[in-house]
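Counting starts at 1 for both ligands and their atoms, in listed order.
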Amino acid sequence: MDFELNEEQKMIKEAVAELAQAEIKPYVKKIDEEKKIPDSIIKGLADLGILGMTVSPEFGGSAADPVTTGVVAEELAKADFSCAVPTFFLVQCAWGYVLDKYGQREAKEAILPWVTKGQAFLGIASTEPEAGSDVANIKTRADKRDKAYILNGEKMFISGLAEILNQLPKGGGYVTLAKTEFQRGAKGISLFYVPVKGTRGISPTYLEEWGRRGISTGGFAMEDVVIPENYLIGQENKGFYYAMEGFDLARALIAVVSSSAAQSALSQAMDYLKIRQAFGQPIGKFEGLQFKVAENWAKLEAAKLLGYRALWTYGEEQRGKKSRWETTRLCAEAKMLAPVFAFEAINEAIQCFGAFGYTEECPLHLALRGVRSYYWAEGTVEIMKIIVGRELLGKEFIAYR
Ligand SMILES: Cc1cc2nc3c(=O)[nH]c(=O)nc-3n(C[C@H](O)[C@H](O)[C@H](O)COP(=O)(O)OP(=O)(O)OC[C@H]3O[C@@H](n4cnc5c(N)ncnc54)[C@H](O)[C@@H]3O)c2cc1C
């Protein structure tokens, strides 16, 4: 067992930390207020070669392994504890990986080179107004006609829509779940690359959220949207299983991001504990406050290590050394614990600031609101428990069959 990063990972970590601390951290409040990651930050990430870093070099990525991707996510979250920039990063790594692995050349060429250049966004469109956790129940359908698929349906709570439609020069789109065999539940779902900007039949909606506001959320209705047949990702009716690979990667990365964002918040609280005086001494001398820091720090270390263990296992699975099920369980375990530990830790960190913690001047509310999104995004905490329970007890204990 080796907990050391290799030399290449250490170099990447240092380079990302330098960029993130200098170019992202000072602007976190502005990002939240203006509800937008500045173009200069996106360009900085692209110039460093980390956007879509999981995709193949022929599309501008570096086929980065999951642990290295986690190292980058950790540094981004340390700087931007509102979680907007890390989300922008991790979503594209997860879904860029799936498109690169299973997609056809035409779809990959249409989007991946622009993702890695920071000129387009690639996300996931799974959730619908009437189906979130219950993915098998989605209503969007894709019907084959000649050399095209016709998509009808609606997606909701989708990250990155304003970036695609209003910010990035080449737009972007989504790895989108749609039914190709309607009656077969999960076994009738296929994955498609759906470009959103400039595609006829797409009507967007925007949502106002109270956290990680630097990355937008919205929805889009599809009415007779025509996409080329080669935008089908992998084989028909296997989309649910490809999508789970993307969710697993995103979940493990979210565990690292949540823990890192919360440790950044705790570090700020510790600085305050050293200078704030009460009862004639720095409040950091009181064990009541030390215990808050110690307990939460240890829980965050545990959650982060579980996230890295899930990422490492994901990499081993890519090399054929671990099973898909073990990977899925570890990713779900990490995602089940980390956002909850993170939210509780940030709440305690805010408590250390006294009334100042409740002012806009104290930025920790950005972190609190940011990590809270991960109770839902990429699969809820409750669904993670269902996955872990299924893997521990056996598939015959799934309640929905
Ligand atoms: C900030 C943010 C960004 C998001 N970005 C995206 C995105 O880019 N793409 C995308 O496709 N989706 C996205 N989502 C949606 C997210 O994936 C869904 O919110 C999530 O899957 C849950 O679906 P739902 O909101 O419809 O809740 P529901 O499925 O309606 O569930 C409601 C509640 O019931 C619980 N629940 C449901 N079933 C069970 C059960 N069997 N046992 C116990 N509890 C249960 C859930 O955990 C939840 O707490 C995003 C969500 C958020 C908050």
Quiz prompt | Nearest-neighbour protein heavy atom for atom 49 (O) of ligand 1, which is reported as residue plus atom name and distance | solution = E382 OE1, 3.5 Å
Quiz prompt | Shortest protein heavy-atom distance from atom 22 (C) of ligand 1, along with the residue and atom involved | solution = T380 CG2, 3.5 Å
Quiz item: For atom 8 (O) of ligand 1, which candidate among A377, G132, S159 holds the nearest heavy atom?
Solution: S159
Quiz prompt | Region of I386 that comes within reach of ligand 1 [heavy atoms, distance under 4.0 Å] | solution = side chain
Quiz item: For the atom pair OH (Y174) and CG (L122), what is the distance rounded to the nearest 0.5 Å?
Solution: 9.0 Å
Quiz prompt | Taking every non-hydrogen atom, the tightest pair across T127 and G132 | solution = CG2-CA, 3.8 Å
Quiz item: With a cut-off of 4.0 Å, which atoms of ligand 1 are near a heavy atom of S126?
Solution: 10 (C), 11 (O)
Quiz item: Do any nitrogen or oxygen atoms of T217 come within less than 3.5 Å of a nitrogen or oxygen of ligand 1?
Solution: no
Quiz item: Do L168 and W114 touch side chain to side chain, with heavy atoms closer than 4.5 Å?
Solution: no
Exercise. Answer yes or no: is there a donor N or O on one side and an acceptor on the other, between the side chain of K25 and the main chain of A20, under 3.5 Å?
Key: no
Exercise. Could you tell me the residue and atom name of the protein heavy atom closest to atom 41 (N) of ligand 1, and the distance to it rounded to 0.1 Å?
Key: Y400 OH, 2.5 Å
Quiz item: Among all protein non-hydrogen atoms, which one is nearest to atom 4 (C) of ligand 1, and what is the separation to 0.1 Å?
Solution: F157 O, 3.2 Å
Exercise. Would you check if the distance from the ring center of F353 to the ring center of Y272 is below 6.0 Å?
Key: yes
Quiz item: For ligand 1, is any non-hydrogen atom under 4.0 Å from R212's backbone (N, CA, C, O), its side chain (CB onward), both, or neither?
Solution: side chain
Self-check item: T127, portion touching ligand 1 at heavy-atom distance under 4.0 Å
Solution: both
Practice problem: Look up atom CG in L99 and atom CG in L112, then write down how far apart they are to the nearest 0.5 Å. | Solution: 4.5 Å
Quiz item: Does the protein put any heavy atom within less than 4.0 Å of atom 11 (O) of ligand 1?
Solution: yes
Quiz prompt | Per-atom contact, atom 25 (O) of ligand 1, protein heavy atoms, under 4.0 angstrom | solution = no
Quiz item: Between the main-chain N or O of A355 and the side-chain N or O of T359, is there a donor-acceptor pair closer than 3.5 Å?
Solution: no
Quiz item: Is atom 30 (O) of ligand 1 close to the protein, meaning a heavy atom under 4.0 Å from it?
Solution: no
Quiz item: Strictly by modelled atom types, are S216 and E163 linked by a side-chain donor-acceptor pair under 3.5 Å?
Solution: yes
Practice problem: Identify, by atom number and element, the atoms of ligand 1 in contact range of W376, meaning under 4.0 Å from any of its heavy atoms. | Solution: 16 (C), 17 (O), 19 (O), 20 (C), 53 (C)
Quiz prompt | Gap between atom CD of E378 and atom CZ of R251 - 0.5 Å precision | solution = 7.5 Å
Quiz prompt | Over 12 foreign heavy atoms within 6.0 Å of NZ, K187 | solution = no
Quiz prompt | Sub-4.0 Å protein heavy atom next to atom 33 (C) of ligand 1 | solution = no
